[in-house]
Colleague: 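Got a structure for you, written out below as structure tokens; questions coming shortly.
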Amino acid sequence: MANKNKENIVELYKQAISAFNNRDIEKEINFFAEDYVDHFNKISGRDELRQFVDVYIKAFPDIKRTIEDILVEGNKVANRYRVKGIHQGEFMGIAPTGKKVEVNGIVISRFEDGLIAEEWDLWDTDSFLKQLGLKEFPV
């Protein structure tokens, strides 16, 4: 039974990332609980998540996320990922640079009732900023 639960969680997680990569944002959002919380990005709920994702997709319309490693323990998934894209749209007030970015990160996702309820994300923001030619995130 434990292995079946792991398989189900991994499959749901992969489907959510696939929906993101295919720009089916509404499908992706439906993998998250209504009261979803992202502790790193300070996101609460699906509406804030939708806005957050929209910012990145507009700035990096070709953005793709790949799973490098994935581990499941109980109702939590640990995922080491890579994100790649070209800065083609405004991002936090920064005009498009045309620069390629590639960023690595690790996220722990807690599932509840088959949905992602909570996440702790840590990604290489320093590398991301340097690739865009910035020293810090604009305010």
Colleague: How close do Pro96 and His87 get, counting heavy atoms only, and between which atoms?
Modeller: CA-CE1, 3.7 Å
Colleague: Go through the steps for Phe91 and Phe128 under the test ring-ring contact (aromatic ring centres under 6.0 Å, His included), then give the verdict.
Modeller: CA-CA 12 Å; Phe91 177 71; Phe128 175 72; 5.6 Å; yes
Colleague: Run the side chain to side chain contact (heavy atoms under 4.5 Å, CB included) check on Thr97 and Leu132 step by step: do they pass?
Modeller: CA-CA 7 Å; Thr97 62; Leu132 288 178; 4.0 Å; yes
Colleague: Report yes if the side chains of Phe40 and Thr125 come closer than 4.5 Å at any heavy-atom pair, otherwise no.
Modeller: yes
Colleague: Flag the pair Asn30 / Arg46 as yes when at least one side-chain heavy-atom distance between them is below 4.5 Å, and no otherwise.
Modeller: yes
Colleague: Do you know which two heavy atoms are closest between Ile63 and Asn21, and how far apart they sit?
Modeller: O-OD1, 4.2 Å
Colleague: Leu122, Ile108: one ILVMFWY side-chain cluster at the under-4.5 Å cut-off?
Modeller: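 Different hydrophobic clusters.
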Colleague: Quick one, Gln131 with Glu102, criterion side chain to side chain contact (heavy atoms under 4.5 Å, CB included). Give me CA distance, side-chain angles, the key distance, then yes/no.
Modeller: CA-CA 8 Å; Gln131 290 173 64; Glu102 183 174 327; 4.2 Å; yes
Colleague: Quick one: pull up CZ in Arg23 and CG in Asp62 and give me the separation to the nearest 0.5 Å.
Modeller: 7.5 Å
Colleague: If I compare all heavy atoms of Ala117 with all of Ala33, which pair ends up nearest, and what's the gap?
Modeller: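 Between these two residues, the closest heavy atoms are CA-CB, 4.0 Å.
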Colleague: Tell me, yes or no, whether the heavy-atom count around Glu73 atom CD, taken from other residues, nucleotides or ligands under 6.0 Å, exceeds 12.
Modeller: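 It does not: Glu73 CD has 12 such atoms or fewer within range.
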Colleague: If I compare all heavy atoms of Ser109 with all of Ile116, which pair ends up nearest, and what's the gap?
Modeller: CB-CG2, 4.1 Å
Colleague: If you count the non-hydrogen atoms of other residues, nucleotides and ligands that lie under 6.0 Å from CG in Asp113, is the total more than 12?
Modeller: no
Colleague: Can you tell me how far apart CZ (Phe32) and CD (Glu118) are? Round to the nearest 0.5 Å.
Modeller: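 One finds 12.5 Å between CZ of Phe32 and CD of Glu118.
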Colleague: Taking side chain as C-beta onward, heavy atoms only, is Ile67 less than 4.5 Å from Tyr13?
Modeller: yes
Colleague: So among Ile70, Val77, Leu71, which one has a side-chain contact (heavy atoms from CB on, under 4.5 Å) with Val10?
Modeller: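 Between Val10 and the candidates, side-chain contact (heavy atoms from CB on, under 4.5 Å) is satisfied uniquely by Ile70.
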Colleague: Could you state the interatomic distance from CZ (Phe111) to CD1 (Ile9), rounded to the nearest 0.5 Å?
Modeller: 6.0 Å
Colleague: Rounded to the nearest 0.5 Å, what separation is found between the CD atom of Glu34 and the OG atom of Ser44?
Modeller: 13.0 Å
Colleague: For a quick check under 3.5 Å, do Tyr36 and Glu48 share a side-chain donor-acceptor pair by atom type?
Modeller: no
Colleague: When rounded to the nearest 0.5 angstrom, what is the spacing between CD in Glu68 and CD1 in Ile106?
Modeller: 11.0 Å
Colleague: Would you kindly confirm whether Val107 and Leu115 end up in one hydrophobic cluster when ILVMFWY residues are joined by side chain heavy atoms under 4.5 Å apart?
Modeller: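 In one cluster with Val107: Leu115, no.
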Colleague: Please tell me whether Trp123 and Trp120 are part of a single hydrophobic cluster in this structure, the criterion being side-chain heavy atoms less than 4.5 Å apart.
Modeller: no
Colleague: Starting from Ile43, can I reach Met92 by hopping between I/L/V/M/F/W/Y residues whose side chains sit under 4.5 Å apart?
Modeller: yes
Colleague: Scan Arg65, Glu28, Lys64 and name whichever one has a side-chain contact (heavy atoms from CB on, under 4.5 Å) with Ile17.
Modeller: Arg65
Colleague: Between Asn41 and Asp121, is any pair of side-chain heavy atoms under 4.5 Å apart?
Modeller: yes
Colleague: Any heavy-atom pair between the side chains of Phe60 and Gln88 that's under 4.5 Å?
Modeller: no
Colleague: In Å, rounded to the nearest 0.5 Å, how long is the span from CG of Asp126 to NZ of Lys130?
Modeller: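 It is 6.0 Å, given to the nearest 0.5 Å.
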Colleague: Once salt bridge (Lys or Arg N to Asp or Glu O under 4.0 Å) is applied, do any residues pair with Arg50, and if so which ones, sequence neighbours excluded?
Modeller: Glu26, Asp47
Colleague: Side-chain heavy atoms nearer than 4.5 Å, only ILVMFWY residues, links allowed to pass through others: does that put Tyr56 and Phe31 together?
Modeller: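 Yes, it is one cluster - the side chains of Tyr56 and Phe31 are joined through contacts under 4.5 Å.
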